[in-house]
2 protein chains.
Amino acid sequence: MVDEPTPPGTVRPGGRTARVRAAVLRAAEDALVEHGFGGLDLGDLAQRAEVGRTTVYRRWGSTGALVADLLVDMAEQSLPRSRSGSLAEDLRANARLVQRTLADPRQGALFRAVIVAANGDPGTAEALRLFYRRRVEEWAPCVTEAVERGELPPGTDPFEVIRAVSAPLYYRMLTTAEPLDEPAADRAAAAAEAAARAGAYRRPEG
Amino acid sequence: MVDEPTPPGTVRPGGRTARVRAAVLRAAEDALVEHGFGGLDLGDLAQRAEVGRTTVYRRWGSTGALVADLLVDMAEQSLPRSRSGSLAEDLRANARLVQRTLADPRQGALFRAVIVAANGDPGTAEALRLFYRRRVEEWAPCVTEAVERGELPPGTDPFEVIRAVSAPLYYRMLTTAEPLDEPAADRAAAAAEAAARAGAYRRPEG
DNA sequence: CCCCTAATGGGACTCTCGTTCCGTTAGGAT
DNA sequence: ATCCTAACGGAACGAGAGTCCCATTAGGGG
């Protein structure tokens, strides 16, 4: 008889357990926004969430695992996306959504913190990848449709186009002090569209 | 008489002080590669560098300040860049240089670590910005020359074009598990070039 | 409604990080 | 070559993060 040890919170996921998780994740968001991932302290979190310190350590064990769980939670709540029928408009809407998110003091700090957290813990990194995969998948259809309409070359990789919109905004946030404003967003969208039209994102094989 | 307290290492910067700095910075690189910024411990660093623990704490005080100093050191040693005369080739050379750097186990880990470090300490963030400013400035001339040759629209922002080459590579590294290979580099260069030709990086005014 | 036990919570303990104190070493100016 | 003191290094100290033990609470099946 191998004694299969069930992780805490898995046998009775409802009721109090669920309330504790929600309170801790909410507190984690606040703490990440205020002090970043480096300043994340599970003891402090317990106080914020009005939950026993032991509980937090037992349920999550490390700050990385906690952020991974937070990312799972974030991935579940998806944003409404526009669907205007015009590739240029869709890409611009996406760029502006990303830009507003990163420029927002709370959301921006939160995103920076989870990216930091993912650099060091493989589990957190995997959760972050899943989060972005979902985000990209939500917006890929507008590219696929543009290909079908003949606006973009056949074989264009929809994921690459969507990522090309976000990339300059993230890069600007991480490596420069220049503001993440609407012109920057519009430029990112226009650049991605131009490159896509030129066939820069066609998949390797014909 | 205001007692102006001089920071340690500023009055006699040569000799032993310089040797200690070099040894600690080298040890810091190793530690960042092995454990990332989160695992950086000044005490451990002192052992690696065969230097007194007190010295490290007194000279740098925090992991963030130490990485800031490391970035100053990194910014001073510039890489040779190619100058082929063709915009497409120059951008591809730049893209491949960035790609090789990020894909290299040591360099890639180091870059991730310093980006993480810059998210949380304003001084480190400033040092990171200066580092990237230098890197971008080194490559901007090839864009400026392409504008002068009439290959790109007048008013094209050289910095934005160079950043557009790096952006997708960094974004890929941070948010996906897909490999940072040569095709990815070539795609980044081609996309930046196409967008630049289409005028996506013209400066707002005139 | 009752019971079993999963899950929580408090408190004591340990160990590591960072600080402080003070004696020792070595730059570099004269 | 000598001296002054900037800078280094060892050791003891204190605070705080993470672990362990066990008593208490509440979920949800019967």
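Chain letters run A, B, ... following the sequence lines, proteins first and then strands; every chain starts at 1.
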note = With the side chain defined as heavy atoms from C-beta on, A:Val51 is closest, among C:dT19, D:dC8, C:dG9, to C:dG9

key: Ionic contact status for B:Arg133 with B:Glu138, cut-off 4.0 Å   = no

query = Does a side-chain N-to-carboxylate-O contact under 4.0 Å join B:Asp44 and B:Arg48?
reply = yes

Ion pair A:Asp69/A:Arg21, N-O distance below 4.0 Å = yes

inquiry  = Assuming nearest nucleotide by heavy-atom distance, tell me which of B:Gly43 and B:Gly15 is located more 5' along DNA chain C.
reply    = B:Gly43

request  = Rounded off to whole Å, could you give me the CD-to-C1' distance for the A:Gln47 and D:dG18 pair?
outcome  = 15 Å

key: Whole-Å gap separating C1' (D:dC20) and CZ (A:Arg58)   = 11 Å

message = Over all strands shown, is A:Arg21 touching base, sugar-phosphate only, or nothing at heavy-atom distances under 4.0 angstrom?
response = nothing

ask   = Would you say A:Arg19 reaches D:dA26's phosphate, i.e. side-chain N/O to OP1/OP2 under 4.0 Å?
value = no

request  = Look at all strands and tell whether B:Thr10 reaches a base, only sugar-phosphate, or nothing, counting heavy atoms closer than 4.0 Å.
outcome  = sugar-phosphate

task = Write down the distance between NE2 (A:His35) and P (D:dA17), rounded to a whole number of angstrom.
result = 11 Å

query = Does A:Arg53 make a side-chain donor-acceptor contact with the base of D:dT19, cut-off 3.5 Å?
reply = yes

Short N-O contact, B:Arg96 and B:Asp186, less than 4.0 angstrom = yes

key: Nucleotide of C:dT8, D:dA7, D:dA17 approaching B:Arg16 most closely (side-chain heavy atoms)   = D:dA7

task = In whole angstrom, give the distance that lies between atom CG of A:Leu40 and atom P of D:dA17.
result = 11 Å

inquiry  = Over all strands shown, is B:Thr54 touching base, sugar-phosphate only, or nothing at heavy-atom distances under 4.0 angstrom?
reply    = base

request  = Using whole Å, report how far OH of B:Tyr57 lies from P of D:dG10.
outcome  = 15 Å

query = Ignoring hydrogens and angles, does a donor from either the side chain of A:Arg59 or the base of C:dT8 sit under 3.5 Å from an acceptor on the other?
reply = no

key: Spacing between B:Leu42 atom CG and D:dG9 atom C1', to the nearest angstrom   = 16 Å

query = How long is the line joining CH2 of A:Trp60 and P of D:dT19, in whole Å?
reply = 15 Å

remark   = Of all heavy-atom pairs linking A:Cys142 and A:Ile162, the shortest is SG-CD1, 4.4 Å

request  = Starting from P on C:dG18, measure out to CG on B:Asp44 and report it in whole angstrom.
outcome  = 11 Å

ask   = Which listed nucleotide (D:dA17, C:dT8, D:dC8) is nearest to the side chain of B:Thr55?
value = D:dC8

